[in-house]
Colleague: 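Here it is, the structure, as structure tokens.
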There are 2 protein chains.
Amino acid sequence: MSKIDLKTETKILNAAKKVFVRKGLDGTRMQEIADEAGINKSLLHYYFRSKEKLFEAVFNEAFRQFIPKVSEAIESDIPFFRKIEIFVDTYISMLINNPHIPIFVLHEINRNPDKLISFMQSQGLRPEILLKSAMKEIEQKRIINIDPRHLVINMLGMCIFPFIAKPILKGVIFNNNEKAFMNFIQERKKEIPKFIINSIKKK
Amino acid sequence: MSKIDLKTETKILNAAKKVFVRKGLDGTRMQEIADEAGINKSLLHYYFRSKEKLFEAVFNEAFRQFIPKVSEAIESDIPFFRKIEIFVDTYISMLINNPHIPIFVLHEINRNPDKLISFMQSQGLRPEILLKSAMKEIEQKRIINIDPRHLVINMLGMCIFPFIAKPILKGVIFNNNEKAFMNFIQERKKEIPKFIINSIKKK
DNA sequence: GTCTATATTGTGATAGAC
DNA sequence: GTCTATCACAATATAGAC
């Protein structure tokens with residue numbers, strides 16, 4: 001199915017995601033979404049009533065992507081260190097495919113923290129369940145000597161930060177060489193688990 | 001000198017920083033800055049000509065704050081691990097006092113990466129010098145077995161991420177208890193260096 | 001320097017023909 | 001469902017009195 005044959009509603013959502021994610025709610029113009037979708041501005045309102053409603057549809061999907069999906073890995077009985085490797089690899093792969101999701105989601109949440117709770121509820125998202133089950137497992141492992149909350153946040157920070165700070169890091173460290181930067185990101189799939197496991201495993 | 005006695009230009013800059021940092025360039029209204037400063041909208045243009053110019057003044061200062069100042073620590077001959085402790089402690093302390101700086105700076109840079117170079121040049125900022133001198137030092141230490149670029153980015157990510165993701169983390173991990181969250185941040189001044197040093201020191 | 005009033009343009013949203 | 005035309009208001013910026 002070629003791009004031109006997509007239903008109008010799908011074309012709008014794709015275009016809206018592209019523009020909203022790059023420019024944010026405040027920076028996005030309805031006209032630009034219409035242009036991106038190759039349709040008329042009025043159709044946006046016909047399908048989504050208002051800019052706010054269209055934004056919510058986009059944000060909900062982006063937020064769901066952003067929250068790591070780890071239920072299967074966490075609940076399986078593979079070794080703990082292996083779970084870390086799988087998580088980092090999977091999550092960084094997702095970020096490579098959606099590099100602008102983190103700064104978009106985090107900016108919008110900081111811009112309007114009040115909406116966070118309703119967003120999560122409307123999406124049926126309960127990240128605290130995943131996090132708590134992860135934390136519980138970490139606590140049960142006697143080999144580890146670290147507050148699981150710090151461990152989880154360290155891991156997330158190391159995975160996400162390069163994508164959020166990409167323009168600076170790419171410029172300062174890699175002379176704006178995109179390929180070199182992306183190669184470096186690939187390395188981190190191995191480097192981050194190594195770094196974590198080195199730190200927390202018994203000496 | 002009480003707040004009401006400040007020069008008008010200073011009052012404007014303070015108000016503009018407050019509003020821009022919280023709402024971003026696109027989300028900020030000149031009227032709101034005027035209200036925050038307790039003056040008339042026209043005065044903003046009298047002092048800064050345009051919204052863009054006023055924004056640049058605010059952004060330049062925020063960006064300078066955001067770039068870690070480490071020259072003294074790096075150039076001194078204190079032990080390497082101690083330098084890490086000092087850096088993390090100093091940088092997190094700055095972030096506690098300016099918690100919204102990271103998401104503001106990183107959002108605006110992602111929104112308009114082209115401006116990054118001119119911003120840095122106009123500010124005389126050369127973060128690559130600091131970074132490279134830090135990397136050089138790291139490479140010279142034979143005790144360490146890690147790519148210095150990964151080490152630096154890991155450290156920055158662990159320091160900055162909790163501030164960027166604060167609304168989510170505070171909600172999910174700390175039931176929106178502000179005090180508990182800030183206490184956790186304080187812990188990280190010790191936890192992050194411990195985590196790093198555990199990982200990279202010779203076994 | 002500071003204010004009020006106004007110009008000018010941009011932008012979300014709607015009405016109505018087809 | 002899709003388009004053109006237009007409304008209503010918001011927002012940056014300027015003119016001019018004091």
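These numbers come from a predicted model, not from an experiment. Only this structure's heavy atoms are used, side chains among them; waters, hydrogens and symmetry mates stay out. Chain naming here is simple, since letters A, B, ... match the order of the sequence lines and numbering starts at 1 in each.
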Colleague: Does atom CZ (B:R149) have a neighbourhood of more than 12 heavy atoms from anything else shown, all under 6.0 Å?
Modeller: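 Atom CZ in B:R149 is packed in, count exceeds 12.
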Colleague: Starting at atom CD of B:E32, determine the distance to atom P of D:dA10, rounded to an integer number of angstrom.
Modeller: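 Taking atom P of D:dA10 as the reference, CD of B:E32 is at 15 Å.
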Colleague: Nearest whole angstrom, please: distance from the P of D:dG16 to the NZ of B:K41.
Modeller: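 For the pair B:K41 NZ and D:dG16 P, the rounded distance is 18 Å.
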Colleague: Between B:Y91 (side chain only) and B:F66 (backbone N and O only), is there a donor and an acceptor less than 3.5 Å apart?
Modeller: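 Looks like yes, one N/O pair under 3.5 Å.
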Colleague: Looking at side-chain heavy atoms only, is the closest gap between B:I103 and B:V21 below 4.5 Å?
Modeller: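 No. Closest side-chain heavy atoms not under 4.5 Å.
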Colleague: For B:Y46 and D:dC18, what is the distance between atoms OH and C1' respectively, to the nearest whole Å?
Modeller: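 The distance from OH of B:Y46 to C1' of D:dC18 comes to 14 Å, rounded to the nearest Å.
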Colleague: Look at B:H45 and D:dA13 and indicate whether a side-chain polar atom (N or O) is within less than 4.0 Å of OP1 or OP2.
Modeller: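 Yes, such a contact exists.
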Colleague: Distance check needed: D:dA11 C1' versus B:F55 CZ, whole Å only.
Modeller: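 It works out to 17 Å between those atoms.
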Colleague: Whole angstrom is fine here: how far is it from NZ in B:K51 over to P in D:dT12?
Modeller: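 One finds 5 Å between P of D:dT12 and NZ of B:K51, rounded.
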Colleague: Within the supplied structure, the quantity of interest is the number of heavy atoms (other residues, nucleotides, ligands) at a distance under 6.0 Å from B:K69 NZ; does it exceed 12?
Modeller: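 Count over threshold, so yes.
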Colleague: For the pair B:H107 and A:H107, name the ring-plane relationship: parallel under 30°, tilted 30 to 60°, perpendicular over 60°.
Modeller: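 Correct class here is parallel.
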Colleague: How many whole angstroms separate atom CG of A:L43 from atom P of C:dG16?
Modeller: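 Taking atom P of C:dG16 as the reference, CG of A:L43 is at 18 Å.
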Colleague: Whole angstrom is fine here: how far is it from CG in B:N40 over to C1' in D:dA15?
Modeller: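 Atom CG in B:N40 sits about 13 Å away from atom C1' in D:dA15.
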Colleague: Please find out if less than 6.0 Å separates the ring center of B:F184 from that of B:F174.
Modeller: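 Close enough - the centres of the two rings lie under 6.0 Å apart.
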Colleague: Considering heavy-atom distances to DNA chain C, does A:R49 or B:S42 have its closest nucleotide positioned more toward the 5' end?
Modeller: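 Here B:S42 is the residue nearer the 5' end.
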Colleague: Please check the phosphate of D:dT12 (OP1 and OP2 only) for any side-chain N or O of B:R29 closer than 4.0 Å.
Modeller: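 Answer yes for this pair, as a side-chain N or O of B:R29 is under 4.0 Å from OP1 or OP2.
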Colleague: Between atom CG in A:L44 and atom C1' in D:dC3, what is the gap in whole Å?
Modeller: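 Atom CG in A:L44 sits about 13 Å away from atom C1' in D:dC3.
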Colleague: To the nearest 0.5 Å, how far apart are CG in B:N98 and CD in B:E61?
Modeller: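 Answer for the CG-CD pair, B:N98 versus B:E61, is 9.0 Å.
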Colleague: For DNA chain C, just give me the dot-bracket, please: Watson-Crick or G-U, both distances below 3.5 Å, ( ) intra-strand, [ ] crossing earlier pairs, | paired with another strand, . unpaired.
Modeller: ||||||||||||||||||
